[in-house]
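Quick notes on the structure that follows.
Here, residue 1 is the first one in the sequence, and each next residue gets the next number. Since we're looking at a predicted model, the values are computed, not measured.
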Amino acid sequence: MGASGGSSSARFHGVDRFYSPPAVRKQIEQQQKQKLQQQQQSPTHRPARPKPRPAQPAAQPLVESRDAADNRAESDDSSSKPSVSSSPSSPSPVPSPPAGNLDRFLEFTTPVVPARYLPKTSVRGWRNCDAATVQSQPYFCLGDLWESFKEWSAYGAGVPLVLNGSDSVVQYYVPYLSAIQLYVDTSSATLRLRYPIYRIPMGPTLRDLDACFLTFHSLSSPKRGRPQPKLMASVILVSGEERAPLLPSPSPPCAAVAEDDEIRPWPSDHHPFLPLPDGAAPLEPPATPSDPKQRLASLDVFRGLTVALMILVDDAGGAFPSINHAPWFGVTLADFVMPFFLFSVGVSVALVFKKTPNKMAATKKVILRTINLFLLGLVLQGGYFHGRNHLTYGVDIDRIRWLGILQRISIGYFLAALSEVWLVSSILVDSPMSYVKKYYMEWIIAIVISATYVSLLLGLYVPNWQFEAPGSNSTLSNSYYGTKIETVQCRVRGSLGPPCNAVGLIDRLLLGQRHLYHNPVYKRTKECSVNSPDYGPLPPNSPAWCLAPFDPEGLLSSLMAAVTCFAGLHFGHLIVHFKSHTQRILLWSITSLILVLCAFVVQLSGMPFSKPLYTLSYMFLTAGASGFLFILIYYIVDVNQLKMTFILFQWMGMNALIVYILAASELFPAFIQGFYWRSPQNNLVNATESILQTIFHSKRWGTLAFVLLEIMFWCLAAGFLHMKGIFIKL
């Protein structure tokens, strides 16, 4: 039984404020006995079947007769009265061993329910031995157990405790019965095992709650010569907001939950010897046991597919420029990778922080994870590692790149997680309006961020600015310590082009030009490359800004990118509060459709799709596309249970961080290239790609085959880590 102990206590000789006075209780008991006598005198009354004694005298069954319950109730009342000496003629009672506080707690908080027996009509047609055995076995109705908690939930259960060996007090515990799990002996193959889950309402309490307990009570014991199922009822305390049924599992109920994703609830079931509730139909149990730390499979597949897509567009984008990032305006396949990552982060945050009993501890966790992500991104993309085909490392601190992919993810995670911890209301969600009231503050934050971004993007004045040109093929100008100083003419407000936008202005002012990305995507525009949309030599009379630095993961654009995390939060909230597949898919589809429609409306209003700027239209479009892709994966993987179809991506998604570090950041290929034969070009990586290009008689298709082989390799590597139980995360 899960109970929460308050600080209320009373001396044995004090007044009990939680229950009626003993006189009133005795009057009620006398009325009940008179009613019972009238029923016994009635000719239609059937005498109650005597309760069989347990096989082991030491065991205390949960099911007790009414006389035993009355006797224990009287003993509860008399426990607070002074003891009366017995007459000399009465035999002296046998002294019982002193009971500890734990024994008293278990005794006074054990529910008492009447014993029931199966009628003869229900075992008609059975063999005589089986019918007699089953009919003689008592059982209890969960409805009776439900009623036994009714008074305790409102007033509390008093437990006499002894403090410091002599000080006697009565401590009151208010139980919150929310669910029951019946654990059975799976060695009994003759019984079809089911798991019932019931609820019980909670009454108002008179004291604040400051403790909770988890107890187990034996409902039946194994019989000699024939193993019988042993049922253990565990009642777990949950918050008033928890609306999902608890998981029946063979592990302890307090087992830790996987951090990143949702635990999928199993259908509630029922034991064959216990009557089903009115109108309830039995549900089939799962075909195979499930891991109590089971994750949301579709989210893992979504994350793994995103990592695979990143490897594809990064390594094959040079051979197929059409799937590489758009030079400036427009959207290609590669431009969906970053929003997919941010969207999955938002969904995970909603599932991880759906319950935050300790906000300060949760905040500390968020801050530490944000710092770890940022520092890891700084190491991977700050310039220390030079990537494939470069067997060198090291970075000039004066030119280290401060921002990157993981840094942007850390910013989005930080804003979304803190909003989930501090801005979510604690109200119960039982209607659309209550859902809005619970999460409206997060929506306001997303709107404020979007409005701030648009205001700065369109309102900031961008003056002329200068930069140090790295090469000699720029258009001109002044020489300064052996470098070319180029001037970019702007003096505009609200420009969305590469040279004069507010995103670059803020990064140059706050981060410094030397700490920005020096190979920006706009070098593939027609103004800056003769091989556009691929990289190439500068065309004649190219503008000066073609050689200027620009960070595609800048400060202002990363602030706007965080809104994609808030879109993922909304999808995660729908997972938490809606357990029906149909409801989830319907609400997700409506949300995704609205986002896509908003994207085209904003684009028609004059703000084009641009990943480097992370424009509002681009955010709407990619967030909506993320939602539609997630719906598709969820329908295939979680609704239709076709998990084996995407098992490779699921493995990769469960270890997405290590795959990103080793593969997408090219640490592993660079490590393999470090072992070469006589020349650095003669290494295993280059040799494999050259062989495939020869087989396909095409450099492009050979490169694509090499990249697909690389993705398969990392899927299998992630599967190996999964089988070994290795999951790396920050």
Side-chain angles (χ1 to χ4, degrees), residues 2-8 149 153-154 156 173-179 197 199-214 235-247 253-254 256-263 265 296 345-367 369 413-448 565-580 583-584 587 591:
S4 183
S7 59
S8 175
F149 277 84
S153 296
Y173 298 90
V174 183
Y176 284 75
L177 179 59
S178 61
I197 296 179
R199 290 188 176 278
I200 192 169
M202 296 183 299
T205 60
L206 299 180
R207 292 284 184 179
D208 293 333
L209 310 177
D210 57 14
C212 64
F213 299 90
L214 179 65
V235 182
I236 301 177
L237 174 67
V238 297
S239 63
E241 234 182 282
E242 186 67 25
R243 301 180 61 84
L246 298 178
L247 272 178
C254 56
V257 177
E259 268 195 3
D260 291 332
D261 306 303
E262 179 201 27
I263 293 183
L296 186 62
V345 168
V347 177
S348 300
V349 167
L351 301 179
V352 171
F353 296 104
K354 60 183 177 182
K355 292 185 296 183
T356 53
N358 190 334
K359 294 184 181 296
M360 293 304 300
T363 302
K364 180 181 178 181
K365 174 183 176 181
V366 170
I367 295 175
R369 195 171 191 183
Y413 169 80
F414 178 78
L415 295 176
L418 285 188
S419 299
E420 188 72 8
V421 171
W422 291 100
L423 300 182
V424 173
S425 174
S426 60
I427 65 174
L428 179 67
V429 175
D430 54 5
S431 65
M433 184 56 63
S434 61
Y435 180 88
V436 173
K437 290 181 179 179
K438 186 177 183 67
Y439 297 112
Y440 78 97
M441 283 300 299
E442 291 185 338
W443 300 355
I444 292 178
I445 293 297
I447 294 174
V448 170
C565 292
F566 284 84
L569 277 180
H570 174 65
F571 274 65
H573 295 155
L574 296 179
I575 294 175
V576 173
H577 296 289
F578 295 90
K579 299 305 174 183
S580 169
Q583 288 180 324
R584 290 176 175 177
L587 295 174
T591 303

Quiz item: Excluding sequence neighbours, so at least two apart, what forms side chain to side chain contact (heavy atoms under 4.5 Å, CB included) with Ala567?
Solution: Ala623
For [X] and [Y], work out which heavy atoms get closest and say how close.
X: Leu415; Y: Phe566; result: O-CZ, 3.9 Å
X: Lys365; Y: Val352; result: NZ-CG1, 3.8 Å
X: Ile575; Y: Arg584; result: O-NH2, 2.8 Å
X: Ala362; Y: Val421; result: CB-CG2, 4.0 Å
X: Ile445; Y: Ser419; result: CG2-OG, 4.3 Å
X: Tyr413; Y: Val366; result: CE2-O, 3.7 Å

Practice problem: Answer yes or no: does atom NZ of Lys364 have more than 12 heavy-atom neighbours from other residues, nucleotides or ligands under 6.0 Å? | Solution: no
Quiz item: Which residues satisfy the ring-ring contact (aromatic ring centres under 6.0 Å, His included) test with Phe571, sequence neighbours excluded?
Solution: Phe343, Trp588
Self-check item: Between His577 and Gln583: side-chain donor-acceptor atoms closer than 3.5 Å
Solution: no
What distance separates [X] [atom1] from [Y] [atom2], expressed to the nearest 0.5 Å?
X: Thr591; Y: Leu574; atom1: OG1; atom2: CG; value: 6.0 Å
X: Leu418; Y: Phe353; atom1: CG; atom2: CZ; value: 8.5 Å
X: Leu569; Y: Trp443; atom1: CG; atom2: CH2; value: 11.5 Å
X: Leu428; Y: Lys437; atom1: CG; atom2: NZ; value: 12.0 Å

Using side-chain heavy atoms (C-beta onward) and a distance below 4.5 Å, is [X] in contact with [Y]?
X: Met441; Y: Val424; answer: no
X: Lys438; Y: His573; answer: no
X: Tyr439; Y: Glu420; answer: yes
X: Thr356; Y: Trp422; answer: no

Exercise. Might you work through the side chain to side chain contact (heavy atoms under 4.5 Å, CB included) test for Phe414 and Ile367, ending with a clear yes or no?
Key: CA-CA 7 Å; Phe414 178 78; Ile367 295 175; 4.2 Å; yes
